[in-house]
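Side-chain atoms are counted along with the backbone in the values below, which use heavy atoms only and exclude waters and symmetry mates.
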Amino acid sequence: QVQLVESGGGSVQSGGSLRLSCQASGYTYSNYYMGWFRQAPGKEREGVAAISRRGSTTSYIDSVKGRFTVSRDNAKNTLYLQMNRLKPEDTAMYYCAAGSQWPSSGVYLSPGRYDNWGQGTQVTVSS
């Protein structure tokens with residue numbers, strides 16, 4: 001049974017940094033591509049960053065390019081999202097997700113490509 005547990009959220013001022021972590025268990029972590037998603041109140045869930053199974057390829061939504069970095073440690077079954085220069089518009093619930101749909105060698109920002117989701121961690125950025 002796939003389990004994903006996010007941590008590291010919190011409240012910061014604009015321009016600050018946070019590092020989110022997602023601890024995975026219950027499956028062969030390196031067989032799954034991973035992603036970070038966020039959802040603000042009244043808005044649809046959107047893909048923020050994604051990473052391939054081995055971590056060699058990443059993808060980001062335009063609004064976070066140059067500020068966020070996604071990485072993974074397959075030895076620790078952990079996914080990370082380093083968020084720098086945070087803005088109030090980054091405020092949302094952040095979720096990690098794992099997917100294995102074919103072709104599983106890619107990176108995907110579409111929520112429909114993911115089958116397993118964590119419970120989320122809240123990020124609040126004040127101006």
**Q** So do L109 and W36 actually touch side chain to side chain, heavy atoms under 4.5 Å?
**A** no
**Q** Return the CZ to CD1 distance between R72 and I51, rounded to the nearest 0.5 Å.
**A**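 Between R72 CZ and I51 CD1, I get 6.0 Å after rounding to 0.5 Å.
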**Q** Please tell me if the side chains of Y94 and Q39 come closer than 4.5 Å, counting only heavy atoms from C-beta onward.
**A** no
**Q** After noting the C-alpha distance and the side-chain angles of D90 and R67, does the key distance pass the side-chain contact (heavy atoms from CB on, under 4.5 Å) rule?
**A** CA-CA 11 Å; D90 295 319; R67 300 189 297 122; 2.8 Å; yes
**Q** When rounded to the nearest 0.5 angstrom, what distance separates OG in S105 from CZ in R54?
**A**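 Output value for this atom pair is 9.5 Å.
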**Q** Check the side chains of Q23 and N77 for a donor-acceptor pair under 3.5 angstrom, ignoring hydrogens and angles.
**A**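 Checked: N77/Q23 side chains show no N/O donor-acceptor pair below 3.5 Å.
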**Q** K43: which residues meet the salt bridge (Lys or Arg N to Asp or Glu O under 4.0 Å) condition with it, sequence neighbours left out?
**A** none
**Q** When clusters are formed by joining ILVMFWY residues with side-chain heavy atoms under 4.5 Å apart, either directly or through shared neighbours, do Y60 and M34 land in the same one?
**A**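 They do share one cluster, since a chain of ILVMFWY contacts under 4.5 Å joins Y60 to M34.
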**Q** So do the side chains of Y32 and Q101 get within less than 4.5 Å of each other, counting heavy atoms only?
**A**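 In short, these two side chains do not touch, never coming nearer than 4.5 Å.
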**Q** Mind checking what makes ring-ring contact (aromatic ring centres under 6.0 Å, His included) contact with Y33, not counting sequence neighbours?
**A** Y108, Y114
**Q** Any ion pair linking K65 and D62 (charged N to carboxylate O, less than 4.0 Å)?
**A**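 Yes.
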**Q** Membership question, hydrophobic clusters at under 4.5 Å side-chain separation (ILVMFWY): are F37 and V48 in the same one?
**A**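 Each belongs to a different hydrophobic cluster.
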**Q** Following the transitive rule for hydrophobic clusters with a side-chain heavy-atom cut-off under 4.5 Å over Ile, Leu, Val, Met, Phe, Trp and Tyr, establish whether F68 and L79 coincide in one cluster.
**A**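 Same hydrophobic cluster.
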**Q** Ignoring hydrogens and geometry, is there a side-chain-to-backbone donor-acceptor pair from Y29 to R53 under 3.5 Å?
**A**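 Such a contact is absent between Y29 side chain and R53 backbone.
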**Q** Kindly indicate whether the side chain of S30, heavy atoms from C-beta on, has any atom under 4.5 Å from the side chain of T28.
**A** yes
**Q** For the atom pair NZ (K87) and OG (S127), what is the distance rounded to the nearest 0.5 Å?
**A** 13.5 Å
**Q** Would you say that T69 contacts L81 through its side chain, given a criterion of any heavy-atom pair below 4.5 Å between the two side chains?
**A**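 The answer is no; the side chains never approach within 4.5 Å.
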**Q** Is it true that a side-chain atom of T78 and a backbone atom of K76 form a donor plus acceptor pair closer than 3.5 Å?
**A**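 Here the side-chain-to-backbone pair exists.
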**Q** Report yes if some heavy atom in the side chain of V123 is under 4.5 Å from a heavy atom in the side chain of T91; otherwise report no.
**A**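 Not touching, per the 4.5 Å side-chain cut-off.
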**Q** Does any part of the side chain of N116, heavy atoms only, come nearer than 4.5 Å to the side chain of L4, both counted from C-beta?
**A** yes
**Q** Is a donor on one side and an acceptor on the other found under 3.5 Å between the side chain of E89 and the backbone of S63?
**A**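 Absent.
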**Q** Determine yes or no for a side-chain-to-main-chain donor-acceptor pair under 3.5 angstrom, with R38 supplying the side chain and A92 the backbone.
**A** no
**Q** Hey, could you give me each pair passing side-chain hydrogen bond (donor to acceptor under 3.5 Å, both in side chains) that has a residue in residues 8-17? Not counting sequence neighbours.
**A** S17-N84
**Q** Report yes if some heavy atom in the side chain of T58 is under 4.5 Å from a heavy atom in the side chain of V107; otherwise report no.
**A** no
**Q** Any chain of hydrophobic side-chain contacts (each under 4.5 Å) joining V2 to W117?
**A**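 Not linked; separate clusters.
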**Q** Measure from the side-chain N and O atoms of E6 to the backbone N and O of G120, and report whether any donor-acceptor pair falls under 3.5 Å.
**A** yes
**Q** So if you build clusters from Ile, Leu, Val, Met, Phe, Trp, Tyr with side-chain heavy-atom gaps below 4.5 Å, do V64 and M93 land together?
**A**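 No, it is not one cluster - the side chains of V64 and M93 are not joined through contacts under 4.5 Å.
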